[in-house]
Amino acid sequence: MQMGSRNVVKMASIDAQLRQLVPNKVSEDDKLVEYDTLLLDRFLDILQDLHGEELREMVQECYELSAEYEAKHDPKKLDELGKLLMSLDPGDSIIITKSFVNMLNLANLAEEVQLAVRRTVKSNKGHFKDESSDATESDIEDTFKKLVGKLKKTPEEIFDAMKNQTVDLVFTAHPTQSIRRSLLQKHGRIRDSLCQLYAKDITQDEKQELDEALQREIQAAFRTDEIRRTPPTPQDEMRGGMSYFHETIWKGVPRFLRRVDTALKNIGIKERIPFNAPLIQFSSWMGGDRDGNPRVTPEVTRDVCLLARMMAANLYFSQIEELMFELSMWRCSDELQKYADEIHKSSKGEEKYYIEFWKQIPPSEPYRVILGDVRGKLYKTRERAHHFLSKGQSDIPEEATYTDSEQILEPLKLCYRSLCQCGDQNIADGSLLDFLRQVSTFGFSLVKLDIRQESERHTDVMDAITRHLEIGSYRDWPEEKKQEWLLSELKGKRPLLGPDLPTTEEIADVLNTFRVIAELPYDCFGAYIISMATSPSDVLAVELLQRECHVKKPLRVVPLFEKLADLETAPAAVNRLFSINWYKENINGKQEVMIGYSDSGKDAGRLSAAWQLYKAQEELIEVAKKHGVKLTMFHGRGGTVGRGGGPTHLAILSQPADTIQGSLRVTIQGEVIERSFGEAQLCFKTLQRYTAATLEHGMIPPLTPKPEWRALMDDMAVVATERYRSIVFREPRFVEYFRLATPELEYGRMNIGSRPSKRKPSGGIESLRAIPWIFAWTQTRFHLPVWLGFGEAFKHVIDKDNKNLLMLQQMYNEWPFFRVTIDLVEMVFAKGNPGIAALYDKLLVSEELLPLGEQLRTAYNDTKSYLLKITGHNEILGGDPFLKQRLKLRTAYITTLNVCQAYTLKRIRDPSYQVPVRPPIAKEILEGSVTSANQLVKLNPTSEYAPGLEDTLILTMKGIAAGLQNTG
């Protein structure tokens with residue numbers, strides 16, 4: 001009885017804590033606390049059923065201590081919580097940690113449902129803020145009406161812009177998705193059940209059934225192992241990425257294009273967007289990004305291309321079968337009847353598959369005859385790709401299959417024309433038009449695979465060639481001589497790659513990659529991206545290697561400028577490239593340049609990188625205009641603010657004028673893929689968001705910053721860069737402090753990607769990839785790479801002249817670029833907590849390095865005070881109550897995981913650290929279960945850590961990432 005009464009008290013406490021954190025609704029449609037409480041109640045009941053009342057009480061006690069800390073920021077509460085967590089048996093520790101990870105995931109799902117509700121409620125006036133890339137946006141129809149009404153654009157101007165606009169979304173293989181795919185699918189079903197549970201007109205029986213389904217999925221998610229026990233292969237990453245096409249994107253594209261048609265109709269345009277308008281395109285780096293990833297071999301690239309073609313043919317096969325049921329009419333044009341008759345004649349000698357199939361289709365159904373022929377070729381296309389994937393060869397001849405999307409488009413266009421001629425355009429504009437649009441969007445590659453390689457690897461190949469030819473060392477030549485030799489070879493005809501060329505394993509890998517490009521259909525590939533590009537010779541070398549390896553339709557070559565110095569010199573490098581006549585004639589007036597947000601931020605800090613990226617784009621566009629070249633900017637944005645992430649709509653609108661011009665390429669990375677395409681409505685909103693913002697940027701040129709604003713930004717960038725580098729690169733013991741104060745050294749144990757965390761096995765911060773660099777600081781809620789340098793820059797210009805504070809406030813209110821930059825940093829401060837970072841220092845950092853941590857936390861608080869002065873807010877997120885509410889609801893969960901992580905790291909790194917451990921309290925209610933608390937410890941038997949510590953640590957990493965909604 002005593003335990004039961006205590007449980008009632010605790011339950012009241014946890015619900016009360018939730019409501020105390022957010023005492024009032026933000027708006028009439030605000031049901032977030034209600035959703036969150038419902039999911040939490042269901043989970044706690046399940047937890048008690050599975051593991052007993054005492055363990056449920058322990059979870060509630062941990063939550064209460066965390067909530068008390070978040071309310072008063074008393075560090076003693078963190079100590080109490082730490083002692084409580086460290087006293088647990090290893091099995092109990094895993095289950096309690098897993099419980100908090102689950103509760104955070106459920107809190108995120110409650111938020112997603114709340115956002116979905118708010119999207120449908122007109123009281124939000126069409127605009128709302130959302131940290132997970134849903135910020136301040138209008139839908140496509142609102143954008144059209146705004147352009148026509150307020151800005152006096154004609155409907156015809158909008159239609160012409162839309163027909164010629166391209167947004168290319170590039171799915172990368174960067175390992176930033178910490179949640180396993182099997183769990184993501186369960187989360188999707190929980191979200192759907194919760195949405196339906198609160199729908200109007202639901203009966204009591206339906207409500208009961210949905211509640212049971214909700215409990216079932218919550219329990220299934222909790223019982224699923226959160227941890228990847230082995231790292232994914234590049235093929236696994238590709239399959240995971242492609243699953244979004246099958247689940248949401250395949251049907252999402254035609255649905256979105258229909259909405260564009262409707263929006264155009266509502267402003268007076270009767271014509272539909274042409275089926276082959278390149279409005280939305282998709283590309284991928286999965287299996288093509290070999291920069292620093294030795295696991296991406298030429299064989300992997302071949303496999304992922306064949307797998308994508310097989311998946312595309314399978315999707316088309318299913319779609320054509322549905323279409324055959326729809327197009328059962330007999331009236332047709334003479335052109336179509338003639339084509340159908342020819343198919344019947346030519347099919348008589350075909351194999352059994354065709355003979356049996358043709359008996360089913362009478363000649364009086366000509367559309368079905370033609371579509372049946374398409375289905376037969378799709379079957380062979382799919383099987384041939386499958387044979388090559390599994391056996392490396394196929395008996396099916398290539399000419400019996402589709403090798404080009406135009407081949408399948410021809411009969412489909414014929415069907416469309418015939419229907420229109422016979423008065424059935426409304427039928428033609430149904431599923432047939434959708435299919436035409438799908439084929440035009442996805443082709444037979446499903447996505448075009450980009451290849452990325454580091455420039456030094458190409459230099460290695462060129463050096464091997466020149467040494468073999470005995471003309472010197474290419475590597476040692478000055479840039480002018482490199483260009484001269486490369487151009488002479490590009491204009492000449494002699495082969496350079498003889499069978500006697502001495503090669504290393506690395507050189508062979510580069511050459512074999514080009515040979516795979518030459519071997520596979522040209523539509524498999526998109527761009528060839530050169531990371532760490534610095535000069536024209538980097539681009540010319542790739543052009544030469546494509547020719548030498550007999551690539552019939554060369555990939556467009558895209559230099560990637562990443563570090564601050566490279567961004568500064570990028571305009572001059574591109575100018576020299578365009579000044580080369582051979583190259584200028586070869587690109588047909590079009591060039592793509594990629595700019596890197598991640599490495600520039602790691603190199604110089606967020607403020608300096610953002611400003612240099614802005615200026616570099618302006619200068620690159622001017623260079624392109626001078627040479628008469630249309631330049632497409634490829635934005636290599638990450639998921640986190642430190643890697644260029646943030647609200648999509650505002651990020652696009654804040655780009656410099658003329659830098660998009662109706663053509664945008666942008667990376668979609670890691671956990672951002674799930675948040676953008678994990679569900680049908682999310683997919684629809686994502687396509688709408690990118691399209692509307694790109695159109696708006698082109699038709700409403702952004703504000704050009706005033707000269708005095710530029711001067712102030714230049715001044716601040718110098719100070720910010722100096723401060724950032726003085727700490728990160730010149731503080732003698734910073735690297736040591738970083739590795740002690742964060743879980744950076746343990747990051748690789750998460751197995752969230754196939755790529756190593758470092759470009760080189762040895763080295764300091766400069767060799768560390770941007771993802772683990774950001775990830776480590778995010779875990780401790782200190783976010784140092786985002787804000788370091790801001791405070792000193794603000795202080796410098798304000799101390800120089802107090803009027804500069806008024807100018808900064810003016811810039812914030814009037815200049816989209818500056819506002820977005822400041823708002824994102826403010827959002828990061830809302831997620832940050834220097835008190836949590838101080839706990840990591842206290843437990844993990846050596847005594848002589850503690851002053852460095854104190855110094856950085858002082859800088860953190862100073863920066864926060866300057867941010868509030870510039871934004872005019874009384875507190876962080878004072879202008880965004882919705883986001884503030886959502887973050888408050890998450891913090892108590894995250895704090896428990898932070899404390900657990902810090903103390904677990906202490907036990908891992910200091911084996912002498914011992915605390916008394918209480919007897920196990922978790923019970924397995926189901927007899928014969930193989931997942932008892934003690935057996936959970938055995939899931940990772942090869943760990944060199946004490947039992948249970950590795951799983952506990954990894955679970956805290958995943959939970960904190962889920963709670964902050966940022967991984968890397």
Side-chain angles (χ1 to χ4, degrees), residues 10 43-44 46-48 50-66 69 77-105 178 222-227 229 743 746 749-750 779 836 839-840 843-844 892-925 929-963:
K10 290 291 181 183
F43 171 72
L44 290 173
I46 289 166
L47 182 67
Q48 180 168 320
L50 293 175
H51 295 296
E53 192 173 26
E54 193 174 352
L55 191 120
R56 172 177 174 156
E57 288 183 12
M58 182 66 71
V59 167
Q60 293 165 338
E61 190 171 347
C62 291
Y63 179 90
E64 189 173 350
L65 284 169
S66 292
Y69 168 75
K77 293 297 177 183
L78 296 182
D79 294 337
E80 285 183 52
L81 181 57
K83 289 176 183 176
L84 178 64
L85 290 167
M86 286 305 97
S87 70
L88 296 173
D89 168 80
D92 294 339
S93 179
I94 290 172
I95 294 173
I96 286 176
T97 307
K98 186 173 174 62
S99 297
F100 275 87
V101 174
N102 252 284
M103 290 190 288
L104 268 170
N105 287 329
S178 66
F222 181 59
R223 297 294 254 186
T224 299
D225 190 7
E226 291 262 359
I227 300 172
R229 299 297 168 179
E746 292 78 11
R749 296 179 179 273
M750 290 182 69
Q779 287 284 299
I836 296 293
L839 176 67
Y840 282 79
L843 292 173
L844 304 171
Y893 301 123
I894 301 170
T895 292
T896 298
L897 292 171
N898 274 128
V899 173
C900 185
Q901 183 180 96
Y903 276 91
T904 302
L905 285 169
K906 173 73 172 174
R907 291 176 68 177
I908 286 172
R909 295 177 184 179
D910 182 7
S912 65
Y913 178 73
Q914 298 292 334
V915 292
V917 176
R918 66 179 71 194
I921 58 174
K923 298 178 176 62
E924 281 291 335
I925 304 304
S929 172
V930 295
T931 55
S932 69
N934 289 329
Q935 286 171 315
L936 274 171
V937 177
K938 298 176 184 177
L939 282 173
N940 206 344
T942 60
S943 176
E944 68 269 29
Y945 301 154
L949 292 185
E950 181 160 343
D951 277 16
T952 300
L953 177 64
I954 295 171
L955 286 168
T956 64
M957 290 181 179
K958 287 175 172 288
I960 293 166

Between the side chain of Asn898 and the main-chain N/O of Gln779, is any donor-acceptor distance below 3.5 Å? yes
Student check: side-chain heavy atoms of Thr97 and Asp951 closer than 4.5 Å: no
From Tyr913 OH over to Tyr903 OH, what is the distance, rounded to the nearest 0.5 angstrom? 5.5 Å
Kindly compute the distance separating CD1 (Ile46) from NE2 (His51), expressed to the nearest 0.5 Å. 11.0 Å
Distance-only, no hydrogens or angles: does the Glu54 side chain make a donor-acceptor pair with backbone N or O of Ala922 under 3.5 Å? no
Minimal heavy-atom distance between Asn105 and Ala962, with the atoms involved, is OD1-CB, 3.4 Å
Rounded to the nearest 0.5 Å, how far apart are CD of Glu57 and CG of Leu47? 11.0 Å
Between the OG atom in Ser99 and the CE atom in Met58, the distance rounded to the nearest 0.5 Å is 11.5 Å
Residues Gln901 and Pro743: closest non-hydrogen pair is OE1-CG, 3.7 Å
If you apply the rule side-chain contact (heavy atoms from CB on, under 4.5 Å), what do you find for Ile921 with Asp89, and how did you get there? CA-CA 8 Å; Ile921 58 174; Asp89 168 80; over 6 Å; no
Test side-chain contact (heavy atoms from CB on, under 4.5 Å) on Tyr69 and Ile836 and set out the steps. CA-CA 10 Å; Tyr69 168 75; Ile836 296 293; 4.0 Å; yes
Evaluation steps, side-chain contact (heavy atoms from CB on, under 4.5 Å), between Leu905 and Tyr840: CA-CA 9 Å; Leu905 285 169; Tyr840 282 79; 4.2 Å; yes
Keeping Lys98 on the side-chain end and Phe222 on the backbone end, is there a donor-acceptor pair under 3.5 Å? yes
Verify whether one side chain among Thr952 and Thr904 offers a donor that lies under 3.5 Å from an acceptor in the other. no
For side-chain contact (heavy atoms from CB on, under 4.5 Å), just list the numbers for Val59 and Met103, CA-CA rounded to whole Å, side-chain angles, deciding distance to a tenth of an Å, and then say yes or no. CA-CA 10 Å; Val59 167; Met103 290 190 288; 3.6 Å; yes
Any heavy-atom pair between the side chains of Cys62 and Leu84 that's under 4.5 Å? yes
Could you tell me whether Glu53 and Arg56 have a side-chain N and a carboxylate O separated by less than 4.0 Å? no
Closer than 3.5 angstrom, by distance alone: can the side chain of Arg918 be matched with the main-chain N or O of Leu88 as a donor-acceptor pair? no
Can you see which heavy atom on Tyr893 is nearest to which on Tyr63, and at what distance? CE2-CE1, 3.5 Å
Are the side chains of Met957 and Glu746 in touch, meaning some heavy atoms are under 4.5 Å apart? yes
Given Leu65, which partner from the list Asp79, Thr896, Thr895, Leu81 fulfils the side-chain contact (heavy atoms from CB on, under 4.5 Å) test? Leu81
Does some side-chain heavy atom of Leu55 sit less than 4.5 Å from a side-chain heavy atom of Gln48? no
Roughly how far, to the nearest 0.5 Å, is the CZ atom of Arg909 from the CG atom of Leu843? 10.5 Å
Distance, nearest 0.5 Å, that separates OG of Ser66 from CG of Leu78: 8.0 Å
How far apart are the closest heavy atoms of Asp92 and Pro919, and which atoms are they? OD2-O, 4.0 Å
